[in-house]
Structures are given as structure tokens and as C-alpha cells.
Amino acid sequence: MPPKIRELMADLEQSGFENRGGKGSHRNYVHPKVAKPVTISGSPGEDAKHYQVRAVRRAIEESQQ
């Protein structure tokens, strides 16, 4: 079962990302060590898509280098 959007948002915030806001259901998370912002779309209770999970994992790995 895929994680929920709220779980991805919590993982990003625990890794030091800041929510920069966005339009509608989109949220942009930025980190000083990561070149591109991570965009998460959808309401917090929805299941995350596989590409969203992959983008969050890659961004967290990049922030820890």
C-alpha cells in the first residue's frame, strides 16, 4: 500500500525542507542543499503516486550529502 501524501510531507519536513507554498493542492518544498524544489500535489489523505515517492526519496538523499 503506498504512503499517504501527509507522510511524504512529514518526511520532507523532518529532513529540513521548508514548505514554500503553492497553488491549489500543490506544495513546493525547498532545501538549501537541493538544487530543485520538490513539488507534492494532492490532498494529505490521498495515496502518493510512485513518482512522488521517488522524488521525495531522491531529494532527501541529496540533502544529506
Might you point out which heavy atoms bring [X] and [Y] nearest each other, and give the distance in Å?
| X | Y | value |
| --- | --- | --- |
| S63 | S15 | OG-O, 4.3 Å |
| S41 | Q52 | O-NE2, 3.0 Å |
| A48 | P2 | O-CB, 3.6 Å |

Name all pairs fulfilling the salt bridge (Lys or Arg N to Asp or Glu O under 4.0 Å) condition that reach into residues 37-63, sequence neighbours left out, sorted by first residue then second.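 Checked against salt bridge (Lys or Arg N to Asp or Glu O under 4.0 Å) - neighbours excluded - the pairs reaching residues 37-63 are K4-D47.
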
Keeping to residues at least two apart or across chains, list the side-chain hydrogen bond (donor to acceptor under 3.5 Å, both in side chains) pairs with something in residues 16-26.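 The answer is none; no pair qualifies.
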
List, by chain and number, the other hydrophobic cluster members for V34, where Ile, Leu, Val, Met, Phe, Trp and Tyr join if side-chain heavy atoms come within less than 4.5 Å, directly or indirectly.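 Traced through the cluster, V34 reaches I5, L8, M9, L12, F17, Y29, V38, I40, V53, V56, I60.
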
